[in-house]
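Proteins get letters first, then strands, A, B, ... in listed order; numbering begins at 1 in each.
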Amino acid sequence: MQNADIARALETIAILLEIRGEEHYRVLAYQRAAESVAAAGTPVAELEDPRSLPNVGGTTARVINDLAQNRTPEILAELAEEIPAGLVELTRLPGVGPRTAGRLWRELGVTRVEEVAALKEGSIAALKGFGKKSEEAILRAARSHTSREQRMLLDEAAAAAERLLEFVRSHPAAGRVEVAGSLRRQKETVGDLNLVAASEDPKALVEAFAAAPFVEEVTSRGATGVSVVCAGGVEAELRVVSPEGFGSLLQHFTGSRAHNAALRERAERRGLSLSEYGLGEAGGGRYEPLRTEEELYARLGLRYIEPELREDRGEIEAAERGELPELVEVRDIRGDLHVHTNYSDGKGTVESMAEAAIELGYEYLVFCDHSQSLRVANGLSPGRLEEKMRAVRRADERYPEIHLLCGAEVDILRDGSLDYEDAVLAELDFVVASVHTAFRMAGGPMTDRIVRAMHNPHVRAIGHPTGRLLNRRDPYAVDVSRLIREAAATNTALELNAYPDRLDLSVPHAREAVRAGVRLTIDTDAHDERALSFMRFGVAQARRAWVERQSVVNCLPWPEFEAYLREGK
DNA sequence: GCCGTTTTCGGCCCGACTGTTTTCAGTCG
């Protein structure tokens, strides 16, 4: 088992313990152990002793060792015996925690989300402590949850794909091997993994893949392709062609469906026919395979279209006119403007985060810890903020390779005022303002609230502007188009938060913002050193939104960024 | 269940919000 799987198992134990009604701190211990495992750089299976990880003691170490060696820990077996597995999924419904899930199970006999969705009106409301509103919220959550399939987040999908790629590439019969599908287009969530490979011996590759150690079930198998379910439930498909046809196959399986349909129509108008096997005379039935995608697009009279743009949102017309955007790239990013430290709820120190940023070649890094009212995140009082600022200044002197700046992610309070006085904000190098409370406000007041924050002269960017959490929480009710207009009017940047479960702004909003002349920041919101690498997911999202480097604040080289800070809004 | 120049026991991150209450439990971040 990999670290991520072990961490997930520990989290499951925590949820089950809480459903059972165990003492909170015992639950917390498993959650913390899960975090440590997830954040560990090396696979825990390779550790001498898991107890070297923070918050892992004797008990959780034994559990981790069991999991690492694919044994079911005693505690998990015991809990699984006692509590139906579906209850864990129930707790993922917004507003339903372990206590509620436990009561629904014990008092109404439901064990799965679908069963909750099917409950008769009034049955939840009849329970002690529940009323009409709670019932409505739970039923709504359950019903929309069932209609939404669970898709992988980009980082999970990328990691899973990397393992598969490695396996296929290491096979002696493998030529070029690439990921296709929505992962190659860097869609914010991914349903299944599509791999395409070039090989003179497709059969050998297909058979090796079907027999791979990570494969749990082969769902279909042919001479040139195979579909499997991997351990952990990830569905994957491998298609193999001869090297001459690799470009055609890669293009076809990269999609999107809409993009390919538009391309086929275009081919048709030119008397051609396009398929996964190549390009042919219309009605001829024979296809000329194409070795590269570039060749394919050229044959259709188009510039090469980056995978992120292939959604039939105007990219084909732009490619025809030679007006495709020059998309921002990871290497254009000069710094990260929103990272946390252990002054608030981060794991890294000022120094360790700075060193990680130097590794990435950044010219600057802005520490934006939480503000005072966000106690759960250990938000900084003005006094502690001052103390941190001194620490950042000292570190800045110690690391000549990088410019270290002290900012804050200041809470936008319910009325749109900010969680620090202006005099405090004025001391900071950079201020990101974000909503972390009262998510259920109506759209009008919520938008007013954020707009008011934008009008503060010290606020340079709005953090994760819609608050959505992919697969978990809808955006709060906010009129993003109005935010964009106000951002343009107040010269406030909007953050494109690169955290894989946020990717907030969404692609359509980011595109709208840039068209309106609003600048974006692409920030990781990193809470540990490793999360700094999430930048690539934020950049990918920006690319899907046709964003060019000049629209991104943190693509500015240091002297220009410094000038941007100095000029103010 | 974890942890320790306050401690091997007694803390541990806790306040806001919501919906349901008449003093609070559960969820969220």
Exercise for review: Please state the C1' separation for the pair B/dG11 and B/dA16 - nearest whole angstrom.
Suggested key: 24 Å
Exercise for review: Give A/Thr60 one of three labels, base, sugar-phosphate or nothing, depending on what nucleic acid heavy atoms sit under 4.0 Å from its own.
Suggested key: sugar-phosphate
Point to revise | Closest non-hydrogen atom pair between A/Ser417 and A/Arg452, with its separation | key: N-NH1, 3.6 Å
Exercise for review: With DNA chain B as reference, determine whether A/Lys132 or A/Ala101 sits nearer its 5' end, using the nearest nucleotide of each.
Suggested key: A/Lys132
**Study point:** Distance below 4.0 Å between A/Thr59 side-chain N/O and B/dC2 OP1 or OP2
**Key:** yes
Check your understanding: Is A/Tyr25 stacked on the base of B/dC2, meaning ring centres closer than 5.5 Å and planes within 30 degrees of each other?
Key -> no
**Study point:** Identified salt bridge (Lys or Arg N to Asp or Glu O under 4.0 Å) counterpart of A/Glu308 within the set A/Arg536, A/Lys187, A/Arg543, A/Arg185
**Key:** A/Arg543
Point to revise | Atom-pair distance (NE2 on A/His436; P on B/dC13), nearest Å | key: 20 Å
**Study point:** Gap in Å between the two P atoms, one belonging to B/dC14 and one to B/dC9, rounded
**Key:** 23 Å
Review point. Of all the choices, B/dC2, B/dC12, B/dG26, which nucleotide is nearest to the side chain of A/Thr100 once you look at every atom?
Key: B/dG26
Exercise for review: With DNA chain B as reference, determine whether A/Gly58 or A/Leu127 sits nearer its 5' end, using the nearest nucleotide of each.
Suggested key: A/Gly58
Check your understanding: For A/Tyr476 and B/dC28, what is the distance between atoms OH and P respectively, to the nearest whole Å?
Key -> 17 Å
Review point. Distance under 6.0 Å and angle within 45° of the ring axis: does A/Arg103 meet both against A/Phe130?
Key: no
Practice item. Using a heavy-atom cut-off of under 4.0 Å over every strand shown, decide if A/Asn55 touches base, sugar-phosphate, or nothing. Key: sugar-phosphate
Exercise for review: Would you kindly give the CD-to-C1' distance between A/Glu107 and B/dG26, to the nearest whole Å?
Suggested key: 14 Å
Practice item. Describe the nucleic acid contact of A/Val27 in one word from base, sugar-phosphate, nothing, applying a heavy-atom distance below 4.0 Å. Key: nothing
Review point. A/His464 and A/Glu409: side-chain donor and acceptor closer than 3.5 Å?
Key: yes
Review point. Are the charged groups of A/Asp5 and A/Arg8 less than 4.0 angstrom apart, N to O?
Key: yes
Point to revise | Any side-chain donor near an acceptor of the partner, A/Asp369 and A/Thr341, under 3.5 Å | key: yes
Exercise for review: Could you give the distance separating B/dG4 and B/dC13 at their P atoms, to the nearest angstrom?
Suggested key: 12 Å
Review point. Which value, in whole Å, describes the distance between the P atoms of nucleotides B/dT20 and B/dG15?
Key: 25 Å
Review point. Got A/Leu483 and A/Met454 here, is their nearest side-chain heavy-atom distance under 4.5 Å?
Key: yes
**Study point:** Same-atom distance (C1') from B/dT18 to B/dC12, integer angstrom
**Key:** 26 Å
Practice item. Would you mind pulling out the nucleotide paired to B/dT8, Watson-Crick or G-U wobble, both distances under 3.5 Å? Key: none
Point to revise | Whole-Å distance separating the CZ atom of A/Phe130 from the P atom of B/dC24 | key: 18 Å
Point to revise | Atom pair distance, as rounded to whole Å: NE2 in A/His370 and P in B/dG15 | key: 17 Å
Point to revise | Under 4.0 angstrom between A/Ser373 side-chain N/O and B/dG15 OP1 or OP2 | key: no
Practice item. Grab the CZ-C1' distance between A/Phe439 and B/dA16 for me, whole Å please. Key: 11 Å
Check your understanding: Any idea which of B/dC13, B/dT18, B/dG1 is nearest the A/Arg414 side chain?
Key -> B/dT18
Check your understanding: What integer distance in Å separates A/Arg140:CZ from B/dG19:P?
Key -> 10 Å
Review point. Can you tell me how far P in B/dT23 sits from the matching atom in B/dC28, rounded to whole Å?
Key: 26 Å
Review point. Which listed nucleotide (B/dC12, B/dC2, B/dG19) is nearest to the side chain of A/Arg32?
Key: B/dC12
Exercise for review: Give the rounded distance in Å between these two atoms: NZ of A/Lys133 and C1' of B/dG26.
Suggested key: 17 Å
Review point. Out of B/dG1, B/dT18, B/dT20, which has the shortest distance to the side chain of A/Ser134?
Key: B/dT20
Review point. Of the nucleotides B/dG19, B/dC3, B/dG1, which has the atom closest to the A/Glu23 side chain?
Key: B/dG1
Check your understanding: Looking only at atom P, what distance separates B/dT22 and B/dC17, rounded to whole Å?
Key -> 22 Å
